[in-house]
Amino acid sequence: MNKLKEKSSISDQFYIITGGPGVGKTTLLDEFSRNGFLTVEEEARRIIKEQVSIDGDGLPWRNKELYAQLMFEASVKTYQKIKAETASGIVFFDRGLLDTICYMDMENIPVVQEKERIIREIMYSKNVFILPPWKDIYENDTERKQDWNEAVFTFKKMKETYLKYGYMVIEVPKDTVQKRCTFILDRIQRDLQ
């Protein structure tokens, strides 16, 4: 499944899988991983689990600004680590740095000039794959507390954010995980030709 041509720049091979909460991103990324692709887990869930375990304040229901700062820093650090350690090949990210910017915008947290500079330096493939809201699979859990309406709103804001920063947003159809993977890989292959 992962026999695709490579692009010239390593960051051109960094593909973001994004969307609102509960749309099947983790399942999709797990499938890519099982098929030999390098995948990068979402920072938000890790931060929430970590903050809960230490009774920290960096949680969206305690201190949204601290939570956003922790997500921003973790996203930059992870990106830099992957870029330094990956010589070639496609990498799928469960959310990207702009997901944090979208969250900040939704929570009216200012994006300072230094963050804007970093955003312009952290480059992914211009094609971003977004998964639409899908009520049939949506569930809440200990880290996902948004209701359905918030999930739909988040999807819309996420799409707006990526478009604002010059990315091409490609909506992945609601389908089986295998068909979603095939859709994404076919699109990547088409763009490489």
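Predicted model, so just to flag it, every value in this text is computed and none were measured.
Separation of atoms CD1 (Ile170) and CZ (Arg187) is listed at 3.5 Å; rounding is to 0.5 Å. To the nearest 0.5 angstrom, Asn35 atom CG is 6.5 Å from Cys181 atom SG. In this structure, NZ in Lys156 is found 14.0 Å from OG1 in Thr161, a value given to the nearest 0.5 Å. Atom OG1 in Thr27 sits 9.5 Å away from atom CD in Glu31 (nearest 0.5 Å). Here the CG atom belonging to Leu185 is positioned 7.0 Å from the CD1 atom belonging to Ile90, to the nearest 0.5 angstrom. Of the inter-residue distances, the one linking Asp94 atom CG with Ile16 atom CD1 reads 10.5 Å to the nearest 0.5 angstrom.
Side chain of Lys83 to backbone of Ile122: no donor-acceptor contact under 3.5 angstrom is found. Judged by distance alone, with hydrogens and angles left aside, the side-chain atoms of Arg95 form no donor-acceptor pair with the main-chain N or O of Glu43 at under 3.5 Å. Proximity of a side-chain donor or acceptor of Arg120 to a complementary backbone N or O of Lys115 within less than 3.5 Å is not detected. In this structure a side-chain-to-backbone donor-acceptor pair under 3.5 Å is present from Lys64 to Pro60. Remark: the backbone N or O of Met71 is paired with a side-chain donor or acceptor of Ser75 at under 3.5 angstrom.
Heavy atoms only, all atoms of each residue included: Ile109 and Ala68 are closest at CD1-CB, 4.1 Å. When every heavy atom of Arg62 is checked against every heavy atom of Asp55, the shortest pair comes out as NH2-OD1, 2.9 Å. Contact detail for Pro132 and Arg180: the closest heavy-atom pair is CD-NH2, 4.1 Å.
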Run the numbers on Val23 and Ile130 for side-chain contact (heavy atoms from CB on, under 4.5 Å), then give the verdict. CA-CA 9 Å; Val23 294; Ile130 191 165; over 6 Å; no
Under the side chain to side chain donor-acceptor pair (under 3.5 Å) criterion, do Ser125 and Asp12 qualify, and how do the steps go? CA-CA 4 Å; Ser125 168; Asp12 287 343; over 6 Å; no
For Met158 and Thr154, what are the C-alpha separation, side-chain angles and deciding distance, and is it a side-chain contact (heavy atoms from CB on, under 4.5 Å)? CA-CA 6 Å; Met158 205 65 71; Thr154 301; 3.9 Å; yes
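With a 4.5 Å cut-off on side-chain heavy atoms, Glu171 and Lys159 count as touching. In this structure, the side chains of Thr18 and Phe129 stay at 4.5 Å or more apart for every pair of heavy atoms. Side-chain contact between Ile118 and Phe72 is present, with at least one heavy-atom pair separated by less than 4.5 Å. Taking the side chain as every heavy atom from C-beta outward, Leu163 and Met168 never approach each other to under 4.5 Å. The closest side-chain heavy-atom distance from Ile188 to Asn127 is not below 4.5 Å. Trp61 is listed as a side-chain neighbour of Ile48, based on a closest heavy-atom distance under 4.5 Å. The side-chain heavy atoms of Ile101 and Tyr165, taken from C-beta on, include a pair separated by under 4.5 Å. Ile47 is not listed as a side-chain neighbour of Leu59, based on a closest heavy-atom distance of 4.5 Å or more.
Side-chain rings of Phe93 and Tyr124 approach one another, their centers coming within less than 6.0 Å.
Aromatic ring pairs are classed by plane angle as parallel below 30°, tilted from 30° to 60° and perpendicular above 60°; the pair Tyr67 and Tyr103 is perpendicular. Aromatic ring pairs are classed by plane angle as parallel below 30°, tilted from 30° to 60° and perpendicular above 60°; the pair Phe92 and Phe32 is parallel.
Ion pairing between a basic and an acidic side chain is recognised when a charged N comes within 4.0 Å of a carboxylate O; Glu121 and Arg117 show such pairing. Of the charged side-chain nitrogens involved, at least one lies within less than 4.0 Å of a carboxylate oxygen, so that Glu85 and Lys81 count as a salt-bridged pair. Checked for salt-bridge contact, Arg46 and Glu50 meet the test: a charged N lies under 4.0 Å from a carboxylate O.
In terms of the salt bridge (charged side-chain N to carboxylate O under 4.0 Å, His left out) criterion, residue partners of Asp105 (sequence neighbours excluded) are, by chain and number, Lys157. Here Thr39 pairs with nothing under the side-chain hydrogen bond (donor to acceptor under 3.5 Å, both in side chains) rule; sequence neighbours left out.
Between the side chains of Glu65 and Gln69, no donor N or O sits under 3.5 Å from an acceptor N or O.
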